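This one's a predicted model, so the numbers in the text were calculated from it and none came from an experiment. Residue numbering restarts at 1 for every chain, and letters A, B, ... go by the order of the sequence lines. When reading the values below, keep in mind they use all heavy atoms of this one structure, side chains included, and skip hydrogens, waters and symmetry mates.
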Amino acid sequence: MTSPLQQKIKITGPSVVTANRTWDGVVIYRDAHKGWTTDLAQAAIVRTADDARALLAESTADDVGAIGPYIAPVAVNDNGTVEPGNLREQIRRKGVTIDLPASA
Amino acid sequence: MYAYDEIDRTLINERVSEFRDQVKRRLAGELTEDEFKMLRLMNGVYLQLHAYMFRVAIPYGTLSSPQLRKMAHVARRYDRGYGHFTTRQNIQFNWIKLADLPDALEDLASVGIHAMQTSGNCTRNVTTDQWAGVAPGEVEDPRIWAELLRQYSTMHPEFSFLPRKFKIAITASAHDRAAIKVHDIGLRIHKNEAGETGFEVLVGGGLGRTPFIGKVIKPFVHGRDILSYVEAILRVYNQYGRRDNIYKARIKILVHELGIEKFAAEVEDEWLATRDSALTLDNEVVEDIRSRFTYPHYQKLSDTPDELTAASADPHFARWLKNSVAPHQRTGYAIVTLSLKPVGGPPGDATAEQMDAVADLADKYSFGEIRVGHEQNLALPNVARRDLPALWRQLDKLGLATPNVNLVTDIIACPGLDYCSLANTRSIPIAQELTRRFANNDLAELIGRLHINISGCINACGHHHVGHIGILGVEKNGEEFFQITIGGRADEHAVVGTLIGPAVPFAEVADVIEDIVEAYLALRARPDELFVQTVERLGVEPFKERVYATR
């Protein structure tokens with residue numbers, strides 16, 4: 001696997017690093033304190049490729065806590081709230097777009 | 001039903017212990033994800049968008065009632081109360097925690113169920129006709145051979161790291177319900193001119209990015225030689241299959257690039273060198289496997305019992321009887337398909353309550369046996385025809401008597417972007433909308449047999465290539481679009497569908513499908529000309545014109 005430090009990284013706007021938590025698979029985001037959060041609002045936001053590379057490298061180093069970290073786009077609204085930048089990330093954050101089977 | 005022997009039970013239990021230790025080491029940080037990934041995949045554990053997904057094998061689509069109850073238990077205790085039946089006779093649990101997986105695996109092992117080879121580049125769960133052993137006209141029960149192949153391929157050291165995954169399907173009926181022509185190896189049991197039973201062997205079928213219909217590599221292989229012949233195919237594939245490009249690694253690409261004649265010659269050479277080996281199956285071995293399958297003690301019953309005649313006056317029951325009940329090998333019995341395609345529901349999903357209830361109904365009406373088909377429905381294979389009215393009433397209460405089997409709303413769909421990390425688009429909401437559009441049973445009956453298959457990406461888990469109407473999700477500039485193909489089919493006349501034109505946006509898919517169906521109703525030569533027959537007769541142009549004339 002190519003080290004994040006060697007990867008070509010392009011970002012087109014504000015981005016976060018997201019992954020899945022190892023013990024239960026839950027969606028997590030890298031925060032600004034070298035930890036993970038399930039709350040996108042608490043995620044560290046990067047705006048340059050160098051910052052994104054550094055955040056990804058730091059995240060990848062935590063192989064015990066998280067699986068498969070990657071950079072994902074976000075939208076930062078005028079009031080400062082953060083939204084996922086595409087449908088895939090919206091679904092990862094909010095869950096399936098359908099009603100789960102009745103007894104679920 | 002097949003009863004596992006001590007070797008099988010030991011194997012399954014040892015696998016649980018191994019995996020428990022592997023999970024423990026992973027959670028303690030003693031194994032990296034790179035090291036652990038292969039181990040979890042060998043136990044059917046994937047990572048999806050929101051959670052781990054656990055894929056469990058249902059060998060040859062046959063379940064006992066205790067096994068189905070245990071799946072309900074896993075759904076309830078470790079997941080969110082439901083499971084998803086797939087197109088390859090597996091069940092998937094979508095929300096399971098890694099830390100809970102060893103316990104779930106152990107619970108399943110207690111009833112002989114496992115997740116081995118439901119992932120990875122090995123021989124996957126061998127699938128068959130869900131009506132195996134009960135279908136009228138069947139040459140013989142194909143599950144005997146599926147079980148032999150299962151035992152042969154399970155943890156086979158030479159074939160645990162093939163260039164890519166490898167799927168085998170078997171049918172013994174003239175009408176192929178197992179989609180054998182779109183498998184890496186398809187086996188059709190038939191009799192030769194001497195009256196001997198053997199296999200027509202097809203190779204190189206598959207869907208995904210590059211769909212191919214399987215080609216006949218050998219018209220007749222005697223049963224005693226089937227393992228050695230399959231091994232010869234696997235060896236040639238293992239040697240020459242591409243490992244440098246994942247998109248060209250399946251056997252279908254090798255067969256296509258070499259040509260079936262050259263590929264067959266390679267296999268023949270290999271086979272002639274190895275056929276008279278330990279893999280030769282003598283009758284004793286086959287009969288030993290056969291003897292471990294137990295069959296119901298059928299009674300002598302009428303095909304037209306009074307209970308059935310009386311209940312048929314109810315039009316709702318009569319519609320279900322016509323749609324969901326099929327003839328059985330034995331007089332007085334029937335095969336009942338339980339639709340997992342309710343209006344507005346995700347195709348193939350069943351709640352824990354439904355699974356428990358179906359297990360109870362199987363005990364009461366079907367000698368404790370349940371089947372799972374690749375169309376993502378269940379079946380009770382041994383129902384006395386006199387019991388059909390009582391069974392229907394209970395299935396109806398459970399939401400499992402939608403009379404849409406093989407009709408327009410009996411949709412095959414992959415989990416799509418709602419769950420799957422590979423998907424580009426959602427599949428389930430498209431399916432749900434289509435079931436609402438065609439919810440009218442009279443309309444569905446008027447349309448007749450029509451299979452709509454939906455995949456949320458080019459990997460084609462929803463078999464879109466071979467849907468009478470296929471819907472493939474593609475992403476364009478961050479938006480969900482869908483390509484529509486028509487004329488595909490997965491049966492004995494399998495063919496890949498033809499693209500009708502440019503992809504359409506998410507919001508227009510159901511409208512487009514309605515247009516296609518309306519065009520078909522206007523164009524068909526007679527009421528019993530099926531959709532695929534009309535497409536075969538007229539080609540795609542009239543449908544294309546209808547869809548794009550105003551778009």
Side-chain angles (χ1 to χ4, degrees), chain A residues 1-4 10-29 36-40 56-57 59-75 83-104, chain B residues 23 26-37 40 45-53 75-76 79-84 94-100 340 342 344-346 349-354 399 415-421 423-426 428-429 431-432 475 478-480 506:
Chain A
M1 185 175 153
T2 308
S3 159
K10 281 186 185 174
I11 61 172
T12 55
S15 301
V16 297
V17 169
T18 182
N20 292 79
R21 194 162 59 196
T22 300
W23 75 273
D24 61 358
V26 161
V27 174
I28 49 177
Y29 304 94
W36 295 98
T37 174
T38 56
D39 181 3
L40 179 60
L56 183 60
S59 305
T60 305
D62 179 13
D63 184 65
V64 178
I67 309 170
Y70 62 93
I71 297 164
V74 292
E83 298 288 338
N86 58 36
L87 177 61
R88 174 190 165 94
E89 294 306 322
Q90 284 172 29
I91 291 172
R92 288 184 76 241
R93 184 192 183 197
K94 294 184 178 177
V96 297
T97 63
I98 54 174
D99 291 334
L100 295 182
S103 65
Chain B
V23 169
R26 170 65 185 131
L27 292 174
E30 294 167 16
L31 290 175
T32 66
E33 178 58 17
D34 279 352
E35 291 165 336
F36 181 66
K37 184 176 179 182
R40 66 172 162 81
V45 181
Y46 289 71
L47 182 67
Q48 297 286 45
L49 288 185
H50 329 268
Y52 291 97
M53 180 270 280
R76 191 178 286 117
D79 209 87
R80 294 194 182 177
Y82 68 99
H84 174 74
N94 288 305
W95 304 97
I96 205 153
K97 296 176 175 63
L98 180 61
D100 286 341
L340 295 180
D349 281 8
T351 65
E353 288 72 19
Q354 286 176 321
L417 191 57
D418 279 298
Y419 294 98
C420 179
S421 60
N424 294 320
T425 70
R426 291 169 290 164
I428 296 170
Q432 290 175 308
E475 190 222 304
E479 301 290 326
E480 296 171 285
F506 181 89

From L49(B) atom CG to E89(A) atom CD, the distance as rounded to the nearest 0.5 Å: 8.0 Å
Proximal component of A66(A), with respect to chain B [non-hydrogen, under 4.5 Å]: backbone
Do other residues, nucleotides or ligands put more than 12 heavy atoms under 6.0 Å from D99(A) CG? no
Quick one: what part of L47(B) sits under 4.5 Å from any heavy atom of chain A, side chain, backbone, both or neither? side chain
Closest heavy-atom pair and its distance - G29(B), V64(A): CA-CG2, 3.7 Å
So, the side chain of Y52(B) versus the backbone of W23(A): is there a donor-acceptor pair under 3.5 Å, distance only? no
Segment of Q432(B) engaging chain A (4.5 angstrom heavy-atom cut-off): side chain
Evaluation steps, side-chain contact (heavy atoms from CB on, under 4.5 Å), between H50(B) and I91(A): CA-CA 8 Å; H50(B) 329 268; I91(A) 291 172; 3.5 Å; yes
What are the two closest heavy atoms between I428(B) and I98(A), and how far apart are they? CG2-CD1, 3.6 Å
Side chain, backbone, both or neither: which part of E480(B) has an atom under 4.5 Å from a heavy atom of chain A? side chain
For the residue pair P101(A) and D349(B), what are the closest heavy atoms and their distance? CG-OD2, 3.5 Å
Between S421(B), G416(B), A75(B), P342(B), who has the most heavy-atom pairs with chain A when the cutoff is under 4.5 Å? S421(B)
Ignoring hydrogens and angles, tell me if any N or O in the side chain of D24(A) forms a donor-acceptor pair with the backbone of K97(B) under 3.5 Å. no
Interface moiety of R21(A) toward chain B, non-hydrogen atoms closer than 4.5 Å: backbone
In terms of heavy-atom contacts, I67(A) and R26(B) come closest through CG1-NH2, 4.2 Å
Taking every non-hydrogen pair under 4.5 Å, which of N86(A), V27(A), T97(A) racks up the most with chain B? T97(A)
